[in-house]
2 protein chains.
Amino acid sequence: MTRTPPDQTTAKRGRPRAFDRDAALAKATQLFWQRGYEATSIGELTRAMGINPPSLYAAFGDKKALFLEVVSTYGETYGAFTRQALDEEPRAYDGMARLLREAAVSFTDPTHPRGCLVICAATNVTEQSSDVEADLRALRAGNIAEFERRFRAAVEAGETAPDADPHAMANFYAAVFQGMSQRARDGGTTDELRAVAEMAIAAWPKP
Amino acid sequence: MTRTPPDQTTAKRGRPRAFDRDAALAKATQLFWQRGYEATSIGELTRAMGINPPSLYAAFGDKKALFLEVVSTYGETYGAFTRQALDEEPRAYDGMARLLREAAVSFTDPTHPRGCLVICAATNVTEQSSDVEADLRALRAGNIAEFERRFRAAVEAGETAPDADPHAMANFYAAVFQGMSQRARDGGTTDELRAVAEMAIAAWPKP
DNA sequence: CCGTTTCTGTAGTGACTGCTATAGCCTGGG
DNA sequence: CCCAGGCTATAGCAGTCACTACAGAAACGG
């Protein structure tokens with residue numbers, strides 16, 4: 001293990017890297033997001049990134065590590081709106097409504113691939129990549145658990161009908177969110193996704 | 001083009017087939033359903049079907065044709081409940097409710113892979129299989145169009161609020177259905193999917 | 001019996017997969 | 001100025017992919 005993780009502040013001995021690491025990562029993100037993990041080959045990646053295989057492996061480790069880094073930065077950029085919506089809105093209802101409405105826009109944004117990378121980029125996978133699939137699955141499970149915690153607090157705070165079930169609500173809104181991603185991939189328009197969001201918001205068990 | 005399509009009633013000249021074509025197709029269905037189209041290799045298929053590659057190609061054409069035949073029989077068996085629910089229930093509300101409740105059971109049935117094959121078996125795909133992806137996409141689009149037709153009739157029949165939007169409703173229930181498939185793939189239980197179904201059913205715009 | 005037809009297993013095809021050995025290039029520190 | 005360190009490109013690794021040429025086996029009609 002001689003490879004240094006992304007750490008651009010250390011001493012700069014040796015020949016400097018000839019490409020922009022962040023720009024290359026962004027290119028990889030686009031490809032993985034569009035085609036998925038296994039359907040994107042190293043050849044496609046290096047071509048899009050404008051580098052040769054040894055440079056990719058020196059900079060990112062291997063295909064799996066590159067993908068996980070893509071997923072990580074995705075969560076801090078494109079996918080950050082979900083956590084923000086829940087964190088910044090005082091009431092769970094407002095947070096979930098904002099989350100779904102912003103998803104309708106983000107999932108159909110023409111400046112990047114459609115849908116959510118965490119949901120769609122590692123679904124059809126061979127046995128040898130089942131750990132990558134499991135990683136994304138765990139991310140999704142964490143998000144749903146976050147939904148449920150938020151909803152449980154909301155029920156206790158009287159923001160819902162008193163008999164509302166936080167677990168059921170978390171599963172419902174997760175299914176709607178993941179369904180919206182799927183619909184976006186299939187070509188659903190922003191307005192169509194917005195309509196889905198509004199019907200799901202209207203299903204909130206009001207107090 | 002000397003190959004004969006599945007036609008077991010024609011004259012039986014030549015050496016007879018040594019394996020059960022339907023049983024082999026069922027095995028292929030399980031594999032494609034579980035892993036997806038491209039992640040399932042001919043080697044895995046022939047091993048599971050108990051035959052050699054030439055037998056597979058003689059009986060089914062090629063990988064793409066085999067998959068499409070799998071999809072076709074899937075629609076007449078495992079996936080038939082969706083059409084039946086809408087066709088057999090006089091009221092659209094009852095049809096959709098039944099469809100979602102049966103999906104909660106079917107998507108988590110332990111006797112076969114989870115979720116819906118049409119939704120999940122060709123999502124991450126290379127360029128050379130984009131036609132397969134498009135085929136399933138078209139099937140999904142057809143189902144949504146069917147939802148919308150059914151809902152439009154329901155609105156005109158006064159089975160909903162008068163200002164209900166059939167297009168929005170079709171998109172909403174399609175998203176929930178596809179989301180339930182995704183949740184099932186991620187390990188969601190029958191009861192959790194049932195809870196999702198009930199919240200979606202409760203969102204029906206009642207008259 | 002023969003000849004035709006179709007299936008079967010063996011053993012490959014070329015093209016691609018993720019990945020890397022090697023050698024040369026370019027930089028810093030001493 | 002030299003050398004060590006890290007990046008670069010070329011070229012190629014073993015393995016797998018979907019698919020098939022070939023020859024033998026098993027059924028039919030005549």
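Nothing here was measured: the structure is a model prediction, and the numbers come from that model. Below, read A as the first sequence line, B as the second, and so on, with proteins coming before strands; counting in each chain starts at 1.
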Cation over ring face, Lys63(B) and Tyr37(B), 6.0 Å, 45°: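 Yes, cation above the ring, under 6.0 Å and within 45°.
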Nucleic acid contacts - residues 23-53 of chain A versus DNA chain C, non-hydrogen atoms under 4.0 Å: Thr40(A), Ser41(A), Ile42(A), Pro53(A)
Round to the nearest Å and state the distance from [X] atom [atom1] to [N] atom [atom2].
| X | N | atom1 | atom2 | result |
| --- | --- | --- | --- | --- |
| Asp62(A) | dG18(C) | CG | P | 11 Å |
| Arg21(A) | dT8(D) | CZ | P | 12 Å |
| Arg17(B) | dG9(C) | CZ | C1' | 16 Å |
| Lys64(A) | dG18(C) | NZ | C1' | 11 Å |
| Asp20(B) | dT8(C) | CG | P | 12 Å |
| Phe60(B) | dT6(C) | CZ | C1' | 16 Å |
| Gln128(B) | dA18(D) | CD | C1' | 9 Å |
| Leu56(A) | dG18(C) | CG | C1' | 11 Å |

NZ/NE/NH1/NH2 to OD/OE distance under 4.0 Å, Asp186(A) and Arg114(A):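 Arg114(A) and Asp186(A): not salt-bridged.
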Carboxylate-amine/guanidinium contact Glu89(A) Arg98(A), below 4.0 Å: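 Judged by the 4.0 Å cut-off on N to carboxylate O distance, Glu89(A) and Arg98(A) do form a salt bridge.
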Contact state string [nucleotides 21-30 of chain C, B base, S sugar-phosphate only, - no protein heavy atom under 4.0 Å]: B--BBBBS--
Contacts of His167(A) that satisfy ring pair (Phe, Tyr, Trp, His ring centres under 6.0 Å) - sequence neighbours left out: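 Per chain and number, His167(A) pairs via ring pair (Phe, Tyr, Trp, His ring centres under 6.0 Å) with no residue.
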Whether Phe81(B) and Phe107(B) hold their rings parallel, tilted or perpendicular, with breakpoints at 30° and 60°: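 The rings of Phe81(B) and Phe107(B) stand perpendicular, inter-plane angle above 60°.
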Within 6.0 angstrom of Arg83(A) CZ, more than 12 heavy atoms from elsewhere: no
Atom of Ala65(B), atom of Phe60(B) and distance for their closest heavy-atom approach: CB-O, 3.2 Å
Derivation and outcome, ring pair (Phe, Tyr, Trp, His ring centres under 6.0 Å), residues Tyr173(A) and Phe147(A): CA-CA 8 Å; Tyr173(A) 284 106; Phe147(A) 284 8; 7.7 Å; no
Name of the residue among Glu127(B), Glu133(B), Glu38(B) meeting salt bridge (Lys or Arg N to Asp or Glu O under 4.0 Å) with Arg35(A): Glu127(B)
Among dT8(D), dT20(D), dT20(C), the nucleotide that comes nearest once only the side chain of Tyr57(B) is considered: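 Closest nucleotide among those given: dT20(D).
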